[in-house]
2 protein chains.
Amino acid sequence: MNVTGHTRRPASIRDVATAAGVSYQTVSRVINGHPSVRPSTRERVQAAIEELGFRRNATALALASGRTRTVTVLTANTTHYGYASILQGIEEAARAASYAVGIGVLESAEDAAVAAEVQRATDTGGGIVVIAYDPAGVRALGTVPAGVPVVGVVETPASPPGGESPWVWTDDREAAYQATRHLLALGHATVHYVAIPSSTRRTSARTSGWRQALKEAGAPEPRPAQGGWGPAGGHAAALKLARDPSVTAILCGNDDLALGVLRALHETGRSVPGEVSVAGFDDAPHCAFLTPSLTTVRLDFTGLGRAAFALLHGALEESAPVAPHPVSEPELVVRESSGPPPARA
Amino acid sequence: MNVTGHTRRPASIRDVATAAGVSYQTVSRVINGHPSVRPSTRERVQAAIEELGFRRNATALALASGRTRTVTVLTANTTHYGYASILQGIEEAARAASYAVGIGVLESAEDAAVAAEVQRATDTGGGIVVIAYDPAGVRALGTVPAGVPVVGVVETPASPPGGESPWVWTDDREAAYQATRHLLALGHATVHYVAIPSSTRRTSARTSGWRQALKEAGAPEPRPAQGGWGPAGGHAAALKLARDPSVTAILCGNDDLALGVLRALHETGRSVPGEVSVAGFDDAPHCAFLTPSLTTVRLDFTGLGRAAFALLHGALEESAPVAPHPVSEPELVVRESSGPPPARA
DNA sequence: ACGCCTTGTGTGACCGGTCACATTCATGTC
DNA sequence: GACATGAATGTGACCGGTCACACAAGGCGT
């Protein structure tokens, strides 16, 4: 351990080379584990590396080799539970593969802004993961120029893309199906749905899972309410639903919406689950501690993030660590907010 | 717009140079806005840039100039509201300054792991922001080698550091003081405190703000309970407090703890705010929608993140955008969870 | 003893920019 | 008209690595 007082230029491979009395190429071979280096030489070089505290310059490496070992995550949001968890999963996997993680926030869905952010991300030369749960993300995914390695974290596609698609997703359809069936099984005549915005104009997988369950049960299909992303949207949507006494079960596009719905029901004096049952999606950590605690479908966001990185990693390097982390199936978590409908409907 | 079919090596300044019939240096001058370039030449170069879709290679720029225009955020967590909001603030400010944002998660507080992560961050050559609200972060902040530009987002220091310190913080002391005074003013005999872990062994600013308010009011000072970071910790701590009928007001180290506390009080049949008042910190978006909605102190985390970046930016570049974004003062938000104590204590 | 292949090592060019300096040419000054 | 001056542009080296290739020494087959 040599304490090098004030800041000075860090040692380069040439510094190490002269210190060890070899050429810089030999140093390069040592740090890359090339086989044909005499053990005695290797040791001398290693000693010099230790001595000078040499660390390979990431920038130079990237420039010379072309491989950046970087993944940039493009996302419209960093604070929502789902988004943040995906980011966390990506970071975990990237760290394990010694990749650097960059982040770019798509503040607006406007074309120019999105294009600029995608440009910045491609400029790094590394791979890109786009969280495309919203219009900004979808647009970004579409803006990435061909040839740039990119993986999209997307809503469940309507039809499974053939072969190898650069997308990962959770089984939203199944999740919605399970939650809806749970509520129907409790005896509710039908289940109302407060939706999160769809990233595209098409029907979301959650909506279609919900529909399917209703259809199978022969239950009437109410028009889905639009709730936005946050509790405020859920609150507004539920204030309307609460006026209708026939509403006894509400499925919410995510847990934040559900929180707003619970609040609205409380304000309108409708008890949960006595009069109305509520369920959400995601199983954010606070769900278990709400009053009443929230029935929801757990989604494996960190696993999704890890899978996204694994896919990208495979595209970026030959030595693909095949068989990526699997994404867990959605799992219904029943808590206090769901129960049988009131005795006489 | 020329569509270049399949992926090929992007244009470099030399490509542009030959296309425009000038030297690469002149191209460099044009893209850097150097004054002494004849307008006609400048135009020709600009046209060639457009034509070839030239974009300056960030890696090469970094290597040649030494300036990386990168900030790496080291944090123990990306999903908690406070952490995520700080990250968002940093990203906003960094984007405005066209800096790239990297992120490294301190998964363990263990020395070796932290050191490795700090190493990786310094290897980029850019600046570092460490969120040091926890032992891992504090350790990371201490591990950053001298000479590397770094800004710490820290708990309020016990004594204000003199002159220019590379730290930013919110006024936790004032926040705790305000919340405690609010509860005391409602008539509570004293206020119990469920603390978040302190990043160091010293008394946290929140604790001391709470103490000061109690002392000024001549109220007895109960022993603070340790709650951890999440709702589970608050829940556990509050189950104990709930056994003591003299407890009528509980201040919680953050909103997540408060959620757990509310839940525990519900489970033990103590009404809020009828029998017990509860207050939190942070004003996370869900606070307003809880039942009862949560009295809390709003902290300007995104502003804090912006300020952290501004400080770093100033340290990294001469052309410092002085007068960084100010961090808003903590602001007490009174909601349903706080009220006067029960009539006969 | 000769050539050949393998092992260990060194040399030069290159990645795509920037920087310091040299060069050319037009202009103003005495 | 000679000369200093400044604007416009070009040349070479450099940042810190990697890559392709050259080259010397040693082992082996014939």
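Below, chain A is the first sequence line, B the second, and so on; all start at residue 1.
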May I ask you to verify whether the side chain of B:Arg29 and the base of D:dG10 hold a donor-acceptor pair under 3.5 Å? yes
Nearest heavy-atom pair of A:Val101 and A:Ala94: which atoms, and what distance? CG2-CB, 3.5 Å
For B:Asn32 and C:dG16, what is the distance between atoms CG and P respectively, to the nearest whole Å? 17 Å
A:His34 vs A:Arg14, nearer the 5' end of DNA chain C by closest nucleotide: A:His34
Identify, residue by residue, the members of residues 55-65 of chain B with a heavy atom below 4.0 Å from DNA chain D, and return them in order of residue number, or none. B:Leu63, B:Ala64
Do the side chains of B:Leu304 and B:Val153 get nearer than 4.5 Å, heavy atoms only? yes
How would you label the contact of A:Arg67 with the nucleic acid (heavy atoms, under 4.0 Å): base, sugar-phosphate, or nothing? sugar-phosphate
Numerically ordered, the residues 19-28 of chain A set in heavy-atom contact under 4.0 Å with DNA chain C is A:Val22, A:Ser23, A:Tyr24, A:Gln25, A:Thr26
Taking the axis from the first five pairs and the axis from the last five, what angle separates them in the helix from C:dA1-D:dT30 to C:dC30-D:dG1, rounded to 10 degrees? 50°
Sidechain-backbone polar pair: A:Glu155 side chain, A:Trp169 backbone, donor-acceptor under 3.5 Å: no
With a 4.5 Å heavy-atom cut-off, do A:Val105 and A:Glu117 have their side chains touching? no
Taking A:Thr70 for the side chain and A:Thr68 for the main chain, is one N or O donor matched with an acceptor at less than 3.5 Å? yes
Please check if the side chain of B:Ser65 supplies one atom and the backbone of B:Leu61 the other of a donor-acceptor pair under 3.5 Å. yes
When the aromatic ring centroids of B:Tyr83 and B:Trp229 are compared, is their separation below 6.0 Å? yes
Main-chain N/O of B:Ala121 paired with B:Thr124 side-chain donor or acceptor, under 3.5 Å: yes
What is the distance from CG of B:Asp15 to P of C:dC15, rounded to the nearest Å? 10 Å
Any donor-acceptor pair under 3.5 Å from A:Asp15 side chain to A:Ser12 backbone: yes
What do the steps show when you test A:Arg67 against A:Glu317 for salt bridge (Lys or Arg N to Asp or Glu O under 4.0 Å), and what is the final call? CA-CA 9 Å; A:Arg67 306 167 210 140; A:Glu317 293 184 36; over 6 Å; no
CZ of A:Arg38 to CZ of A:Arg44, rounded to nearest 0.5 Å, is 8.5 Å
